[in-house]
Amino acid sequence: MKIQSSKEFKLQREVEYGTPEQNKAVREIVAGIKQEGDAALLRYTERFDGAVLTPAQLRVTPEELEAAYGRVEESFVTAIRAAAVNIRAFHARQKRNSWMDLQPDGTVLGQIIRPLKRVGVYVPGGKAAYPSSVLMNVIPAQIAGVPEIVMVTPPSTGGSEGIDPYILVAAAEAGVHEIYRVGGAQAIAALAFGTESIVPVDKICGPGNIYVALAKREVYGAVDIDSIAGPSEIVVLADDTAEAAYIAADLLSQAEHDEMASAILVTPSQRLAEEVAAEVERQLLTLPRETIARASVENYGAIIVVESLNEGISVVNRLAPEHLEIVVNDPMALTGAIENAGAIFLGPYSSEPVGDYFAGPNHIIPTNGTARFSSPVDVDDFIKKSSLIYYSKEALLRDGAAIMELARREGLEGHARAIEIRLEKEAKGGDGNGEQ
Ligand SMILES: NC(=O)c1ccc[n+]([C@@H]2O[C@H](COP(=O)([O-])OP(=O)(O)OC[C@H]3O[C@@H](n4cnc5c(N)ncnc54)[C@H](O)[C@@H]3O)[C@@H](O)[C@H]2O)c1
Ligand SMILES: N[C@H](CO)Cc1c[nH]c[nH+]1
Ligand SMILES: [Zn+2]
């Protein structure tokens with residue numbers, strides 16, 4: 001990995017997100033699905049995933065879900081159940097309730113919280129299969145009370161029409177029954193606009209590669225999306241107390257996701273910078289996904305040597321990473337200064353994969369600097385709110401003049417008159433129903 005100063009470092013997102021070719025390809029795929037529905041969905045699935053399907057084969061059957069249990073180890077089922085307990089407990093704390101505030105004049109104001117009706121969850125399955133992302137998508141939706149959860153995931157790597165059995169078992173454990181074997185931009189477009197086989201959804205959540213992330217951005221507006229949760233990112237802010245081998249391993253844990261993943265060390269220690277660079281090289285040699293991880297660290301990785309931890313914090317806030325590890329003498333003391341980071345891991349034992357799989361917080365986290373304004377997936381992603389306004393006669397008589405003043409200053413006489421007609425009637429003796 002290249003060691004450089006903060007001045008030499010050039011932030012990738014200052015160039016366009018995705019190449020022009022990737023952006024163009026995604027726009028064409030989305031338009032194709034919109035115009036041709038299933039026919040385009042099957043064509044793209046053959047082209048990008050090598051799976052030749054008929055419309056009847058798009059949906060996973062209950063028998064396939066059942067059969068998947070026979071293809072996974074018991075230890076996997078035990079582990080995914082334990083992870084689900086932690087994820088459920090963490091997200092249960094986020095549940096909101098409707099509320100109403102009854103004021104002394106009889107006015108009632110409030111918010112009604114309802115779950116979204118139908119959501120689509122994307123579970124990646126291209127370069128790796130992500131059963132953990134099933135739980136991260138589905139559990140918060142269930143806690144919110146979403147009645148219809150539909151999952152999409154690409155057919156397994158290698159061109160089989162099957163889906164990775166670990167993903168299917170995770171879905172069965174989570175209680176998802178509507179699953180389609182489609183992935184990439186075509187799956188996102190099918191969820192957003194519907195096809196003959198897939199009923200459209202209200203919102204799409206879930207992580208994915210650059211094609212998935214760009215497609216979510218493209219369909220936003222027709223449906224809601226969680227955030228741009230694209231290729232994974234890790235930034236480690238470390239001082240001289242950090243163990244180089246741990247830091248290198250954590251950087252590679254994210255680099256191995258995708259050639260476009262990004263792994264960056266920020267440190268005031270030249271010694272640590274050099275040791276981590278050497279460790280990354282050493283550990284890469286035995287990593288099964290060496291080719292992907294090497295491409296990631298070469299193209300999107302960096303070791304940035306800063307003057308001080310304070311300068312390091314500024315660099316981190318500018319990067320706004322998906323994951324931030326703070327591995328310094330007193331990590332808690334720095335946490336308050338971190339303004340932009342999707343998830344913050346403190347100390348030498350909070351290795352990033354702890355959060356990817358098990359601790360409980362969600363691993364679907366904004367990338368590409370969007371942690372500046374968006375948050376990890378949570379229960380709030382699956383609800384909507386309606387405001388509730390009940391004004392009593394007393395309250396309208398009190399506030400009417402102010403409302404008419406504001407309406408007339410906006411030149412909206414119709415608004416003013418809607419209030420005035422009531423005030424005038426009350427001035428003449430009211431409607432006699434005595435309502436307060
Ligand atoms: N940010 C997060 O919260 C988070 C969480 C988990 C995973 N991730 C990321 O999710 C991604 C998973 O990627 P993946 O590739 O393994 O699976 P994926 O399911 O996201 O993508 C696979 C799909 O990409 C499409 N595709 C591949 N090459 C294409 C091309 N040339 N043109 C058009 N479409 C093409 C195919 O349709 C394929 O089905 C990784 O980048 C990983 O870092 C992010
Ligand atoms: N690190 C990914 C989020 O960027 C999540 C994940 C799932 N499995 C392994 N990792
Ligand atoms: Zn990961």
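Small disclaimer: the values here were computed from a predicted structure and weren't measured. Side chains are part of it too, since the values below use all heavy atoms of this structure and drop only hydrogens, waters and symmetry mates. Counting convention: from 1, in listed order, for ligands and their atoms alike.
A salt bridge links Arg181 with Glu64; the closest basic N to acidic carboxylate O contact falls under 4.0 Å. Under 4.0 Å is where a charged nitrogen must lie from a carboxylate oxygen, and between Glu307 and Lys7 no such pair does. The pair Glu36-Arg43 meets the salt-bridge criterion, with a side-chain N (NZ, NE, NH1 or NH2) lying under 4.0 Å from an Asp/Glu carboxylate O. A salt bridge links Lys216 to Asp226: one of the charged nitrogens lies within less than 4.0 Å of a carboxylate oxygen. Using a cut-off of 4.0 Å between Lys/Arg side-chain N and Asp/Glu carboxylate O, Glu279 and Arg282 are scored as salt-bridged. The pair Arg318-Glu339 does not count as a salt bridge, with every side-chain nitrogen at least 4.0 angstrom from each carboxylate oxygen.
Metal site remark for the Zn ion (ligand 3): His363 contributes no N, O or S atom at a distance under 2.8 Å. Residue contact annotation: Glu352 places no N/O/S atom under 2.8 Å from the Zn ion (ligand 3).
Each of Ile188, Val201, Ile198, Val219 was scored for a side chain to side chain contact (heavy atoms under 4.5 Å, CB included) with Phe193, with one residue passing: Val219.
Around atom CZ of Arg271, more than 12 heavy atoms belonging to other residues, nucleotides or ligands sit under 6.0 Å away. Heavy-atom neighbours of Phe373 CZ from other residues, nucleotides or ligands within 6.0 Å: above the threshold of 12.
Residue contacts with ligand 1 for Glu322 involve side-chain atoms from C-beta outward but no N, CA, C or O (heavy atoms, distance under 4.0 Å). At a 4.0 Å heavy-atom cut-off, ligand 1 touches Asn209 through backbone and side chain alike. By the criterion of a heavy-atom distance under 4.0 Å, the side chain of Gln186, and not its backbone, is placed next to ligand 1. Only the backbone of Ala128 comes within 4.0 Å of ligand 1, counting heavy atoms alone; no side-chain atom from C-beta on gets that close. Residue Pro124 touches ligand 1 through backbone and side chain together, judged by heavy-atom distances below 4.0 Å.
Numbered from 1 in the order shown, with element, the atoms of ligand 2 that lie under 4.0 Å from a heavy atom of Ser232 read 1 (N), 2 (C), 3 (C), 4 (O). Near Ser132, meaning under 4.0 Å from any of its heavy atoms, are these atoms of ligand 2: 7 (C), 8 (N). Near Glu352, meaning under 4.0 Å from any of its heavy atoms, are these atoms of ligand 2: 1 (N). Interface of Glu322 with ligand 2, defined as ligand atoms under 4.0 Å from a residue heavy atom, comprises 3 (C), 4 (O). Below 4.0 Å from some heavy atom of His323 lie the following atoms of ligand 2, by number and element: 1 (N), 3 (C), 4 (O). With ligand atoms numbered from 1 in the order given, ligand 2 contributes 8 (N), 9 (C) to contacts under 4.0 Å with heavy atoms of Tyr357.
Residue nearest to atom 7 (C) of ligand 1, selected from Tyr130, Tyr44, Phe48: Tyr130 (by heavy-atom distance).
Between Val379 and His91, the shortest heavy-atom contact is CG2-O, 3.4 Å. Nearest heavy atoms, Ile149 versus Val176: O-CG1, 3.8 Å.
The six-membered or imidazole ring of Tyr130 lies near that of His257, with a centre-to-centre distance under 6.0 Å.
Asp239 contributes a side-chain N or O that, together with a main-chain N or O of Asn329, makes up a donor-acceptor pair within less than 3.5 Å.
Taking any N or O of Gly125, backbone or side chain, at least one lies under 3.5 Å from an N or O belonging to ligand 1. Checked by distance only, ligand 1 and Val123 stay at 3.5 Å or farther apart across all their nitrogen or oxygen atoms. Here's the thing with Gln254: one of its N/O atoms is less than 3.5 angstrom from an N/O atom of ligand 2. The N/O atoms of His363, backbone and side chain alike, include none that comes under 3.5 Å of an N/O atom in ligand 2. Residue His257 has at least one nitrogen or oxygen atom sitting less than 3.5 Å from a nitrogen or oxygen atom of ligand 2, judged on distance alone. Residue Lys127 places at least one N or O, backbone or side chain, under 3.5 Å from an N or O of ligand 1. No N or O atom of Thr367 sits closer than 3.5 Å to an N or O atom of ligand 1.
Residue-ligand proximity: Ala185 is placed with every non-hydrogen atom at 4.0 Å or more from ligand 1. Within the 4.0 Å heavy-atom shell around ligand 1 one finds Tyr122. Contact between Gly230 and ligand 1 is present, with at least one heavy atom of the residue lying under 4.0 Å from the ligand. Remark: distances from the non-hydrogen atoms of Ala25 to ligand 1 are all 4.0 Å or more.
The protein atom (non-hydrogen) at minimum distance from atom 5 (C) of ligand 2 is Asp356 OD1, 3.4 Å.
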Checklist entry - Can you list the steps and then say if Lys203 with Ile225 is a side chain to side chain contact (heavy atoms under 4.5 Å, CB included)? => result CA-CA 5 Å; Lys203 177 160 184 169; Ile225 61 167; 5.8 Å; no
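Asp356 contributes OD2 as its N, O or S atom closest to the Zn ion (ligand 3).
With 3.5 Å as the limit, one finds no donor-acceptor pair spanning the side chains of Tyr300 and Glu298.
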